[in-house]
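It should be emphasised that the depicted structure is a prediction, and the values quoted were computed from it without experimental measurement. Just so you know, residue 1 is the first one in the sequence shown, and it goes up from there.
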Amino acid sequence: MKLTYLGTAAAEGLPALFCNCEFCQKARELGGKNIRTRSQAIIDDGLLIDFPADTYMHALNNKLRLDKVHTLIVTHSHSDHFYSKDLIMRKPPYGHNFAVDTLQIYCTKGAYERFVKEINNEEPFGNIEFHILKAFEPFTSNGYTITPLPARHQFSEDAFIFIIEKDGKRIFYANDTGYFYDNVWEYIKTNKIYFDLVSYDCTNVEIPIPDTGTHMGFENITRTKNLLKEMGAVDQKTIQIVHHFSHNGNPLHENLERLATPLDMLVSYDGMIVEI
Ligand SMILES: [Zn+2]
Ligand SMILES: [Zn+2]
Ligand SMILES: [Zn+2]
């Protein structure tokens with residue numbers, strides 16, 4: 001599988017939309033890997049993870065043909081992960097000649113309800129199909145087996161992190177979430193799951209956040225990584241990546257690399273490609 005990180009920031013972006021803090025100032029000045037758009041990733045250019053408002057620019061910057069996307073999986077309904085209004089662009093007259101006739105969308109109930117509310121009277125909407133996800137219930141789409149696990153993130157409604165498998169390889173895409181719930185640990189342990197790649201929520205960077213919080217930072221990630229190793233879920237061959245950064249925690253790329261390298265972890269950036 002080829003995983004491309006299209007956007008790597010939290011909701012506000014880096015530099016943040018209206019912010020003039022020291023990190024945002026520095027990000028504007030330095031550019032390059034310090035420019036981070038809202039979180040999104042794509043596997044093998046056909047399985048899209050999340051749908052922020054930045055999707056359009058992501059397609060342009062990465063030369064993607066979004067009409068070729070067969071599956072969209074949505075972690076949760078926050079607007080930096082699901083900007084449902086843009087889905088209407090898949091409907092004629094806004095789009096024609098799609099390589100894939102029907103886009104399969106697998107999402108939370110909350111995300112679906114938001115879509116219905118925002119699109120309002122635009123039904124019928126023939127070429128996208130929604131499926132509501134349930135935690136611990138794997139499904140298959142276009143040859144990928146995907147298992148949604150509960151994320152500690154949005155207490156008012158479901159939020160998911162995903163295990164994505166194909167051809168004997170396994171990715172754990174784990175944001176947005178706080179420290180994993182007990183039943184997530186249990187699921188990984190009981191099923192003796194091994195990951196070839198883990199992508200961790202690193203929103204807080206160095207700012208401490210308790211395990212009951214809805215994001216993680218390096219301290220929580222280090223413990224998560226160690227426990228996964230103890231369980232045999234990761235080893236020295238596993239590619240481990242920190243991802244999804246808020247401007248508040250000093251997410252300048254150089255600082256993130258300083259923190260991640262001693263842990264044998266990589267730092268995501270917009271446009272980063274990893275193959276397993
Ligand atoms: Zn987010
Ligand atoms: Zn800022
Ligand atoms: Zn969120």
Side-chain angles (χ1 to χ4, degrees), residues 1 3 10 39 41 43 47 49-50 71-78 80-82 105-114 130-141 144-166 168-204 208-235 238-244 263 265 276:
M1 285 186 277
L3 173 71
S39 171
I43 295 175
L47 166 58
I49 310 173
D50 285 333
T71 307
L72 164 64
I73 56 177
V74 179
T75 54
H76 62 298
S77 69
H78 284 160
D80 55 323
H81 295 262
F82 190 57
I105 303 178
Y106 295 84
C107 66
T108 59
K109 187 163 171 279
Y112 176 67
E113 282 168 355
R114 222 179 97 204
F130 278 92
H131 310 266
I132 308 294
L133 296 171
K134 287 213 176 85
F136 304 108
E137 290 189 10
F139 62 95
T140 304
S141 185
Y144 298 84
T145 302
I146 300 157
T147 308
L149 301 178
R152 190 193 297 271
H153 187 61
Q154 208 176 358
F155 299 132
S156 54
E157 57 182 74
D158 280 344
F160 297 120
I161 47 184
F162 293 106
I163 299 175
I164 303 158
E165 307 175 56
K166 200 187 180 196
K169 298 283 184 183
R170 205 174 277 125
I171 291 173
F172 191 16
Y173 190 82
N175 68 277
D176 299 1
T177 186
Y179 191 72
F180 300 156
Y181 283 124
D182 287 350
N183 56 2
V184 169
W185 286 116
E186 204 52 44
Y187 185 84
I188 296 168
K189 198 176 171 184
T190 329
N191 294 290
K192 297 187 170 53
I193 298 175
Y194 173 79
F195 299 114
D196 300 279
L197 189 155
V198 182
S199 183
Y200 296 89
D201 183 305
C202 192
T203 308
N204 275 50
I209 182 166
D211 285 347
T212 47
T214 56
H215 283 294
M216 292 205 273
F218 272 98
E219 193 274 328
N220 321 70
I221 289 173
T222 306
R223 280 183 292 114
T224 305
K225 180 180 181 270
N226 291 342
L227 193 46
L228 285 171
K229 193 177 172 197
E230 243 173 67
M231 286 179 180
V234 302
D235 61 18
T238 305
I239 299 171
Q240 302 191 67
I241 304 169
V242 289
H243 173 51
H244 191 283
L263 298 169
M265 300 180 96
I276 54 161

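Looking at every heavy atom in both residues, His215 comes nearest to Thr203 through ND1-OG1, 2.8 Å. The nearest pair of heavy atoms linking Ile209 to Gly217 is CG2-N, 4.0 Å. A pairwise comparison of heavy atoms in Thr75 and Thr108 identifies O-CG2, 3.6 Å as the closest pair. When all heavy atoms of Ala10 and Asp80 are compared, the pair lying nearest together is C-OD2, 3.9 Å. Pairing each heavy atom of Gly110 with each of Ser77, the nearest pair is C-CB, 4.0 Å. Of all the heavy atoms in Ser39 and Tyr173, the pair that sits closest is OG-OH, 3.7 Å.
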What's the verdict on side-chain contact (heavy atoms from CB on, under 4.5 Å) for Phe195 and Ile188, showing C-alpha distance, side-chain angles and the deciding distance? CA-CA 10 Å; Phe195 299 114; Ile188 296 168; 4.2 Å; yes

side-chain contact (heavy atoms from CB on, under 4.5 Å) for Asn220 and Tyr200? Distances and angles first, verdict last. CA-CA 10 Å; Asn220 321 70; Tyr200 296 89; over 6 Å; no

Go through the steps to decide whether His81 and Asn175 satisfy the test side-chain contact (heavy atoms from CB on, under 4.5 Å), and finish with yes or no. CA-CA 10 Å; His81 295 262; Asn175 68 277; 3.8 Å; yes

For the pair Leu47 and Ser141, evaluate side-chain contact (heavy atoms from CB on, under 4.5 Å) and give the outcome as yes or no after the intermediate values. CA-CA 9 Å; Leu47 166 58; Ser141 185; over 6 Å; no

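Looking at Asn191, its side chain never comes within 3.5 Å of a backbone N or O of Ile193 through a donor-acceptor pair. A donor-acceptor pair is defined here as one N or O able to donate and one able to accept, closer than 3.5 Å; no such pair exists between the side chain of Lys225 and the backbone of Gln240. Thr177 places a side-chain N or O within 3.5 Å of a backbone atom of Arg152 that can act as its donor or acceptor partner. Asp201 contributes no side-chain N or O that, together with a main-chain N or O of Ala174, makes up a donor-acceptor pair within less than 3.5 Å. Listed for the Asp158 side chain is no donor-acceptor partner under 3.5 Å among the backbone atoms of Lys109.
Separation of atoms OG1 (Thr71) and OH (Tyr144) is listed at 8.0 Å; rounding is to 0.5 Å. To the nearest 0.5 Å, atoms CZ (Phe218) and CG (Asn204) are separated by 11.5 Å. Separation of atoms CE (Met216) and CG (Asp176) is listed at 10.5 Å; rounding is to 0.5 Å. Rounding to the nearest 0.5 angstrom, the gap separating the CD1 atom in Ile221 from the SG atom in Cys202 is 3.5 Å. A distance of 10.5 Å separates SG of Cys107 from CZ of Arg114, quoted to the nearest 0.5 Å. A distance of 11.5 Å separates CD1 in Ile163 from CD1 in Ile146, rounded to the nearest 0.5 Å.
Asp235 CG: more than 12 foreign heavy atoms inside a 6.0 Å radius. Within 6.0 Å of the NZ atom in Lys166, the count of heavy atoms belonging to other residues, nucleotides or ligands exceeds 12.
Taking the six-membered ring for Trp and thresholds of 30 and 60 degrees, Phe139 and Tyr106 have nearly parallel ring planes, at less than 30 degrees apart.
Checked options His153, Glu157, Gln154; the residue passing with His76 is His153 (criterion: side chain to side chain donor-acceptor pair (under 3.5 Å)). Among Phe180, Phe172, Phe136, the one residue that satisfies the ring pair (Phe, Tyr, Trp, His ring centres under 6.0 Å) test with Tyr187 is Phe136.
Between Leu263 and Val242 there is no side-chain heavy-atom pair separated by less than 4.5 Å. Between Val198 and Ile241 the shortest side-chain heavy-atom distance does not fall below 4.5 Å.
Relative to the ring axis of Tyr179, Arg223 places its NZ or CZ within 45° and under 6.0 Å from the centre.
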